[in-house]
Each structure stands twice: as C-alpha cells, then as structure tokens.
Colleague: 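Would you mind keeping the following structure in view while I ask a few things?
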Amino acid sequence: MAAKRENRPFRSAPLYLRLDINQNMAKELPTRAEDYSQWYVDIVKKADLAENSDVRGCMIIKPYGYAIWEKMQQQLDKMFKETGHVNAYFPLFVPKSMFEAEEKNAEGFAKECAIVTHYRLKTDPNNKGKLIVDPEAKLEEELVVRPTSEAIIWNTYKKWVQSHRDLPILINQWANVVRWEMRTRLFLRTAEFLWQEGHTAHATSQDAEKETLQMLDVYADFIENFMAVPVIKGKKSDGEKFPGAIDTYCIEALMQDGKALQAGTSHFLGQNFAKAFNVQYSNKEGKLEYVWGTSWGVSTRLIGGLIMAHSDDDGLILPPKLAPIHVVVVPIFKNEEELNKVTVAVEPMLKELRSMGLSVKFDNRETHKPGFKFAEYEMKGVPVRIAIGPRDLENGTIEVARRDTKEKRVMKYGDASREIPMLLDEIQKNLYARALKLRADRTTYVDSFKQFKEVLDGKGGFILAHWDGTPETEARIKDETKATVRCIPLDAKEEAGTCVYSGKLSMRRVLFARAY
RNA sequence: CGGGGCGUAGCGCAGCCCGGUAGCGCGCCACGUUCGGGACGUGGAGGUCGUAGGUUCGAAUCCUGCCGCCCCGACCA
C-alpha cells in the first residue's frame, strides 16, 4: 500500500504548508449573535490556532496560529528596521531590587508578577518518585519573571550611555512576558504572551516624543493596512496610562460585538526611567543630563483582534496579507486516475501562482471529501479557494470562491495567474471597508448620560462624548457603566461642551467604550 | 480571595439521587461502497471513573480531606 501511494505525484502538501494537524475539525460554531464569546473561543480552537494548556491561563499556540504570528512578526520587524531599530535580547529574569527601582512601574505590575525564589528541586524522602523544592536552594534575592522589560533594559542602558554620541539607542526585542492575570482568554489576555517591546533612549524630550508618535503611526499603519482593521489613535487618560510613563498613546479598534480592543501602546517615558536607573549623558556643552525614553509594544493579542474584527459564523476570515495560506486548491476526483489528471493539469498554475510569491496549498488528500475540505478551509479563513474537477478539465475552467463574501465564480484556467492576485487584493480592501463601515455604524456622538447608557446597552460600540477630564468622573462612569475612556483621540477637534456625567466644562470629545 | 459549577475513553457527555464491576455521540483503526458542499455500511481498539482515605460483602455512585479546572464577582497598562 505504501508503494502504491509513493507513485502519486503531490501526495503530500509541502511540509511548510502542513499546518492542518487538528483531527477534531468540528462541525458547528455558535453564531456571533447567540454567544459571541463562545463563538470566539470555538473559532480559536476549531480553526486550529491555539488551545489551553495544562497551566492555568497559558496557551499552546498551534502551527496555524503561530504561522499568523510569524506573518505579523515579519512585517512589523521590517517596519521597525525601516525606522532605524535593531533587535536585541534581554533576560527573562529581573532581580527584585532592580525591578523596584522605578517605583510607579513596580507598583503597577507588582500584583501580577511571578517570582522565582529557588533554583533547585530534590527528591522527596517521604514520597518516592516525587520532587520537592530544596529549602537549601533559596535564592538570596528573588527574581521577577518580567512582566515588561523596562527595568532590566534601563539598568543596561546605564552602562551603554555616557555621551550624546551614544544616543539614540533604538532597540526592539521579541520576547515572552508573564503577567499573572486573574482571568484569561485565549490570545486576548493570557498569563504568558508573546510580544515585541521597543525601548529607546534619546538626548532630548522632542526626540523621544517624536519616536513615541512615530511608533504609534507604525502600529496604525500595520493594523490598518495588513490586519485590515481601522484604528483610532489617541492618548490614554491618566488613569489608564502605563505605570512609569508620562504619556501613553494607544490605538483602539472596534470588534464586531461593539467592544473596544486596545491594539497597541506607545509610551513617552520622559526621564522617569533614566532617573530611576541613573542613565545620564554629557551633552555638547559637557553638562550631565538625564536621557529621555520611550517604550512601545504589540502582542499576540493582535491575533485575537484579527479574529474578532473579521470572522463570521462559518469561521475565521483572514486578510490576505497575513494569511499563512493565500489560496487552497481542492481537486475533485472519483478515483486515482482522475486525481492524476487534475494534478497534471493544475501543476503549471500552482507553479505560476507560487512564483508570484503566493502561498498555495494543493490539498490532494484522498482521505477527505471535497465538501469536508471546503468547510475546513472556510473555518481556517483561507482567503481564496480553487476547485477543479473533471468537468473543469473538459471546459478549461476553475471554480474560484472567495472567503470574505462566499461568492463563487467560474473562470478560465488561463486567467488564474492574472485574476487571483487581483482578487486577493480586493479581499484585503473589502475586509478593511467592511470593518470601517462597522465602526462608522457603531460610533455614536452622545450628549447626555442617559443616552450614554442607552447606547452602551443597545448597539454598543464607540461613544464620543464630553468628559471633564478628572479621574473621579472617569472612575464613576466606569463603575456605573463598565465603559472606560479608551483614549483622547489625537484628531479630536476643539469643541466646547459639558461633561456627560458632571456637567462641567469640556473642550473636546473623548472616546468611550466597553473594552476587552 | 468571596459565590456557584464541574472533574467518567483523544474530545463532548450520560450513569451517581436509589451502591452490584461502565455507556452514548464525535474522533481513531480495518475493509468495502462513495467522492462538484461537512458520506455510508460492517467490524474493531481505547477508561487507575481527578486524588487520598473512610463506610460496605461490594463504591464511578455514599461520607471526609486534598488537588485541579470553568463561570460570576473582586482585579486587570
């Protein structure tokens, strides 16, 4: 039997496309309307992106999910390099005393830190085959598992910076961090997650502020043009900003259920960390000055956002620019002879599409029927599917189906190499347009607290309303409605008004929403 | 940390109230028929019933402790 199979051309998809190791491809998904959060969890599992691990709050990112992360990484990394950054790597462990140095930062993260206290186990004398922590192996100083790396990085920058000639330092790192969250959700909030964190040091406040906003723009560019999700750029209120930052800028995206997702943050750190870690340089006049800093990051949470922004009741929908597989080709056949014919016929097209840089999977598994495969790739969000069978061979045609609209059409075989790239482009644009329309439909200008609550409990979404700017009002609104100030949009117009809660004077509308 | 729920085959669950040696669906394996939207038939494999102890002739089932997970709340850069 093995010999019989070996003779078949294209018996297996290339290894790099074999991302389909899930054997439990399930049938039905709850609809978004029925149960949005169950729908989300089911997509993550059924599209084979990730699963819960045996460690509470942690997830196993499966090959298909990780492939999406790799696409994101590739593109972001390219954009970081284009803006002058280089990659480096700093340790996972931060000595507690170092972590404490920037007081606000330490306080802000203290409640969710994992701590290493010992460095050795030993066999349990009272319980054969079991291990216990060796009390002899207690660390003199505990190590904090990084929830973010400012401390260890600024402690290092201290050694790297003496002169203005040493600046700026423009470093990014791809890493994992741990935040011991009380409640977790796959991709959106996990105890351990993957991210990138940029940490830069500058001679002047202006340079650092410019960097902060530049990276915010890079994120917005990436999320809009690659993830096809429109974002609102803004500044966080004091209550929501990063501990240790002077200003936190963010981008906020709207999900299909009307909740907001913070998709990335960029912090202007001022001289807070430079002072905490004593990072000083001699300026051109020979005077010592503290360095100015920034930090910025996006995480695997973006994958959660990607899912929630576009997908439908049949499964995941991926924008072509981030899809691990752009096109899947499903042969229709009754027997080996027919499969061989289809395979021979389809080969030049596969070659040509691949030569254009497209990731094309030819799924010639004989173990599943076409209908099963159609459903499977729909669940996995592959943007374009081509079906080709005996009927097509006679007519010189292929059947092309697009995932975003589920439209199918028949085209001439020879047109594929021209039409498919155009179609992928159109899908990318359509997803963005759709998401933009959703956001427009779900953004409401609100002028009273009554209306504020009605909108939240009705269609949800973004609310643009006046706010008096005080933390007290923000907290009360949060208590009463669970909505928070997502950001003060950068493009907010000056407009005199009164706070929807307190009635006090406000000069601009801010963005409110319930958020993930 | 407070309130609730749940741990039985790879996954989802029934069985527990009323104790008698474990079952269903999906998946998996084999063969045959199928194959243009999630095929079907026949046969088969697979379980320390979370864990430790107690009651009993006998425990998945009753009792106690422990562990873990999920949901709600608190919390969440």
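Computed from a predicted structure; not experimentally measured. Below, chains carry the letters A, B, ... as their sequence lines are ordered, and counting in each starts from 1.
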Colleague: Taking the P atom of each, how far is G46(B) from G10(B), in whole Å?
Modeller: 12 Å
Colleague: Partner lookup for G43(B), please. Criteria are Watson-Crick or G-U wobble with both distances under 3.5 angstrom; report none if nothing qualifies.
Modeller: C29(B)
Colleague: How is Glu338(A) classified with respect to the nucleic acid when contacts are heavy atoms under 4.0 Å: base, sugar-phosphate, or nothing?
Modeller: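 Touches nothing.
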Colleague: Could you state the NE2-C1' distance from His368(A) to A39(B), rounded to the nearest angstrom?
Modeller: 13 Å
Colleague: Nearest heavy-atom pair of Val510(A) and Pro489(A): which atoms, and what distance?
Modeller: CA-CD, 4.0 Å
Colleague: What interatomic distance, in whole Å, is found between C1' of A59(B) and the corresponding atom of G53(B)?
Modeller: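 Rounded to whole Å, the distance is 13 Å.
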Colleague: Report yes or no: is the cationic atom of Arg385(A) (NZ for Lys, CZ for Arg) under 6.0 Å from the centre of the six-membered ring of Phe374(A), at an angle within 45° of the ring normal?
Modeller: yes
Colleague: Side-chain N or O of Lys369(A) versus OP1/OP2 of G36(B): is the shortest distance under 4.0 Å?
Modeller: yes
Colleague: What integer number of Å spans the P atoms of G12(B) and G7(B)?
Modeller: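 One P to the other, the span is 11 Å.
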Colleague: Which nucleotide, C35(B), C76(B), G37(B), lies nearest any side-chain atom of Lys334(A)?
Modeller: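 Of C35(B), C76(B), G37(B), C35(B) is nearest to the side chain of Lys334(A).
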Colleague: Check every atom of A77(B), C76(B), G36(B) against the side chain of Pro243(A) and return the nucleotide holding the closest atom.
Modeller: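 Looking only at side-chain atoms, Pro243(A) lies closest to A77(B).
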Colleague: Write down the distance separating the C1' atoms in G65(B) and A45(B), rounded off to the nearest Å.
Modeller: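 So the two C1' atoms sit 37 Å from each other.
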Colleague: The side chain of Lys408(A) is closest to which nucleotide in this list: G37(B), G38(B), A77(B)?
Modeller: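 Given the options G37(B), G38(B), A77(B), the side chain of Lys408(A) is closest to G37(B).
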Colleague: Can you check the distance between U34(B) and G41(B), where both ends of the measurement are the P atom (answer in whole Å)?
Modeller: 15 Å
Colleague: Name the nucleic acid region contacted by Asn52(A), choosing base, sugar-phosphate or nothing; use a 4.0 angstrom heavy-atom cut-off, strictly under.
Modeller: nothing
Colleague: Relative to each other, are the rings of Phe273(A) and Phe277(A) parallel, tilted or perpendicular (30° and 60° limits)?
Modeller: parallel
Colleague: Report yes or no: is there a donor-acceptor pair, N or O only, under 3.5 Å between the side chain of Glu376(A) and the base of G38(B)?
Modeller: no
Colleague: Under 4.0 angstrom, heavy atoms only, what part of the nucleic acid is Arg179(A) near: base, sugar-phosphate, or nothing?
Modeller: sugar-phosphate
Colleague: Lys104(A) near the nucleic acid: base, sugar-phosphate alone, or nothing, with a heavy-atom cut-off under 4.0 Å?
Modeller: nothing
Colleague: Just call it for Pro370(A): base, sugar-phosphate, or nothing, with non-hydrogen atoms closer than 4.0 Å on any strand.
Modeller: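 Contact class for Pro370(A): sugar-phosphate only.
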Colleague: Does atom CD of Glu103(A) have more than 12 heavy-atom neighbours, drawn from other residues, nucleotides or ligands, at distances under 6.0 Å?
Modeller: no
Colleague: Would you mind telling me which of G73(B), A77(B), G36(B) lies closest to the side-chain atoms of Lys482(A)?
Modeller: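 Looking only at side-chain atoms, Lys482(A) lies closest to G73(B).
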Colleague: Among G36(B), C75(B), G38(B), which nucleotide has an atom closest to any side-chain atom of Lys111(A)?
Modeller: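 Selected nucleotide (nearest to the side chain): C75(B).
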Colleague: What distance, rounded to whole Å, do you find between the two C1' atoms, one in C28(B) and one in C69(B)?
Modeller: 26 Å
Colleague: Relative to the 5' end of RNA chain B, which residue comes earlier, Glu240(A) or Gly389(A), by the nucleotide with the nearest heavy atom?
Modeller: Gly389(A)
Colleague: Under 4.0 Å, heavy atoms only, any strand: does Pro390(A) hit a base, just the sugar-phosphate, or nothing?
Modeller: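 Here Pro390(A) touches the bases of the nucleic acid.
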Colleague: Restricting to non-hydrogen atoms, name the atom on Ile246(A) and the atom on Lys241(A) that form the minimum distance, rounded to 0.1 Å.
Modeller: O-NZ, 3.1 Å
Colleague: Measuring only the P atom in each nucleotide, how far is C57(B) from G5(B)? A whole number of Å is fine.
Modeller: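 Here C57(B) and G5(B) have their P atoms 33 Å from each other.
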Colleague: Take atom C1' in C16(B) and the same atom in C6(B), then report the distance between them in whole Å.
Modeller: 14 Å
Colleague: Using the ring of Phe242(A) (Phe, Tyr or Trp, six-membered ring only), decide whether Lys236(A) places NZ or CZ under 6.0 Å from its centre and within 45 degrees of its axis.
Modeller: no
Colleague: Would you indicate what Arg385(A) reaches in the nucleic acid, counting non-hydrogen atoms under 4.0 angstrom: base, sugar-phosphate, or nothing?
Modeller: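 Arg385(A): base contact, heavy atoms under 4.0 Å.
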Colleague: Between G36(B), G38(B), A77(B), which one does the side chain of Met379(A) approach most closely?
Modeller: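 Within the option list, the nearest is G38(B).
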